[in-house]
Novice: 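This structure is in structure tokens; I'll ask about it shortly.
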Amino acid sequence: QVHLVESGGGSVQSGGSLRLSCVVSGFTFGDYCVGWFRQAPGAERERVATFDTGGGPAYADSVRGRFFISRDGAKKTLYLQMTSLKPEDTAMYFCAAVSVRYKGDSYCHTGQYYHWGQGTQVTVSS
């Protein structure tokens, strides 16, 4: 059974940094797309950063150059290093996964994700 648990959220001032972690179980990174999404109050869920099975990352324009996605297969953990945080980065952040079977790696960066964590709140004050 696929399971994802996020941690690392918190409150920081503008310009600060945070690192989110997501411990996964029930699958391996080589078989699943994984990524980070966020949703601010009253807004639609936004794709932030995703990994294909080969470890190729993709980023939303709004975070490129400030956020960095990484993963540790041995620890079964996905990370999101967030730097130069802005108030508009305030949101609930979720990690997510989807099997790449029958889909191909390109799906990882544009397709729907089916397994979700419970989320971790990030609040950036000006």
Novice: Do you reckon V2 sits in the same ILVMFWY cluster as Y114, going by side-chain contacts under 4.5 Å, direct or chained?
Specialist: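 No: no chain of side-chain contacts under 4.5 Å links V2 to Y114.
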
Novice: Would you say D72's side chain and K76's backbone share a donor-acceptor pair under 3.5 angstrom?
Specialist: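 Not a single qualifying donor-acceptor pair exists.
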
Novice: Can you tell me how far the CD atom of Q118 sits from the CZ atom of F94, to the nearest 0.5 Å?
Specialist: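 So the CD of Q118 and the CZ of F94 are separated by 8.5 Å.
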
Novice: Is the centre of the Y113 ring less than 6.0 Å from the centre of the F37 ring?
Specialist: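 Distance test on ring centres: under 6.0 Å, yes.
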
Novice: Is it the case that one hydrophobic cluster holds both F29 and Y79, taking links as side-chain heavy atoms less than 4.5 Å apart, direct or via other members?
Specialist: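 Looking at the clustering, Y79 is in a separate group from F29.
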
Novice: Can you check whether E6 reaches L20 side chain to side chain, under 4.5 Å on heavy atoms?
Specialist: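 The answer is no, as the side chains (C-beta and beyond) never meet within the 4.5 Å cut-off.
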
Novice: Heavy-atom distance under 4.5 Å between the side chains of Y59 and V48, does that happen here?
Specialist: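 They are not in contact (no side-chain heavy atoms under 4.5 Å apart), so the answer is no.
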
Novice: Does NZ or CZ of R47 come closer than 6.0 Å to the centre of the six-membered ring of W36, within 45° of the ring's axis?
Specialist: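 So R47 doesn't make the cation-pi contact.
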
Novice: Please report the closest heavy-atom contact between S125 and P87, naming both atoms and the distance.
Specialist: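 Smallest interatomic distance, heavy atoms only, reads C-CG, 4.4 Å.
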
Novice: Do the side chains of V34 and V23 join up, straight or via other hydrophobic residues, at under 4.5 Å, putting them in one cluster?
Specialist: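 The answer is no; the residues belong to distinct hydrophobic clusters.
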
Novice: Do the charged groups of D61 and R64 touch, with an N to O distance under 4.0 Å?
Specialist: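 Judged by the 4.0 Å cut-off on N to carboxylate O distance, D61 and R64 do form a salt bridge.
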
Novice: If we ignore hydrogens and angles and just use 3.5 Å, is the side chain of Y107 paired with the main-chain N or O of Q112 as donor and acceptor?
Specialist: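 Side chain of Y107 to backbone of Q112, a donor-acceptor pair under 3.5 Å: yes, one is there.
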
Novice: Relative to each other, are the rings of F67 and Y93 parallel, tilted or perpendicular (30° and 60° limits)?
Specialist: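 The rings of F67 and Y93 sit tilted, inter-plane angle from 30° to 60°.
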
Novice: Spell out, as yes or no, whether a donor-acceptor pair under 3.5 Å connects the side chain of T83 to the backbone of R66.
Specialist: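 Yes.
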
Novice: Please find the pair of heavy atoms, one from C95 and one from L78, that lie closest to each other, and give the distance.
Specialist: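 Between these two residues, the closest heavy atoms are CB-CD2, 4.3 Å.
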
Novice: Show your working on side chain to side chain contact (heavy atoms under 4.5 Å, CB included) between T50 and I69 and close with a plain yes or no.
Specialist: CA-CA 7 Å; T50 50; I69 189 172; 5.5 Å; no

Novice: Okay, side chain of T120, backbone of G9: is any donor-acceptor separation there less than 3.5 Å?
Specialist: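 At least one qualifying donor-acceptor pair exists.
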
Novice: Counting distance only, does the side-chain N/O of K103 pair as donor-acceptor with the main-chain N or O of S99 below 3.5 Å?
Specialist: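 Confirmed, K103 side chain pairs with S99 backbone.
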
Novice: Do S25 and H3 have a side chain donor and acceptor closer than 3.5 Å?
Specialist: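 Result is no, nothing qualifies.
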
Novice: Are V122 and L4 connected, step by step, through hydrophobic side chains (Ile, Leu, Val, Met, Phe, Trp, Tyr) whose heavy atoms are closer than 4.5 Å?
Specialist: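 Yes, same cluster.
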
Novice: May I ask you to test the D105-V100 pair for a side-chain heavy-atom distance under 4.5 Å?
Specialist: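 Yes, at least one pair of side-chain atoms sits under 4.5 Å.
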
Novice: Should the ring pair H115 and Y32 be called parallel, tilted or perpendicular, given that the plane angle runs from 0 to 90° and is split at 30 and 60?
Specialist: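 It falls in the tilted class, 30° to 60°.
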
Novice: Just by modelled atom types, is the Q81 backbone N or O under 3.5 Å from a matching donor or acceptor in the R19 side chain?
Specialist: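 A pair under 3.5 Å: no.
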
Novice: Is the backbone of V124 close enough, under 3.5 Å, to the side chain of K86 for a donor and an acceptor to pair up by distance?
Specialist: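 Checked: no pair found.
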
Novice: How long is the straight-line distance from CE of M92 back to OG1 of T123, given to the nearest 0.5 Å?
Specialist: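 Rounded to the nearest 0.5 Å, the OG1-CE separation comes to 8.5 Å.
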
Novice: On the ring face of F51, is R71 found with NZ or CZ under 6.0 Å from the centre and within 45° of the axis?
Specialist: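 Satisfied, under 6.0 Å and within 45°.
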
Novice: V98 and F27: same hydrophobic cluster, using ILVMFWY side-chain contacts below 4.5 Å?
Specialist: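 No, V98 does not connect to F27 through the hydrophobic network.
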
Novice: Taking the side chain from T77 and the backbone from K75, do they hold a donor-acceptor pair closer than 3.5 Å?
Specialist: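 Answer holds: yes.
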
Novice: Report yes if the side chains of H109 and D52 come closer than 4.5 Å at any heavy-atom pair, otherwise no.
Specialist: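 H109 reaches D52 side chain to side chain.
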
Novice: Could you walk me through whether S62 and E46 pass side chain to side chain donor-acceptor pair (under 3.5 Å), step by step?
Specialist: CA-CA 10 Å; S62 58; E46 175 188 16; 3.1 Å; yes

Novice: Under a 4.5 Å cut-off applied to non-hydrogen side-chain atoms, are R38 and V63 in contact?
Specialist: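 Result yes, sub-4.5 Å side-chain heavy-atom pair found.
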
Novice: Do L85 and L18 have side chains that get closer than 4.5 Å, going by heavy atoms?
Specialist: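 L85 reaches L18 side chain to side chain.
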
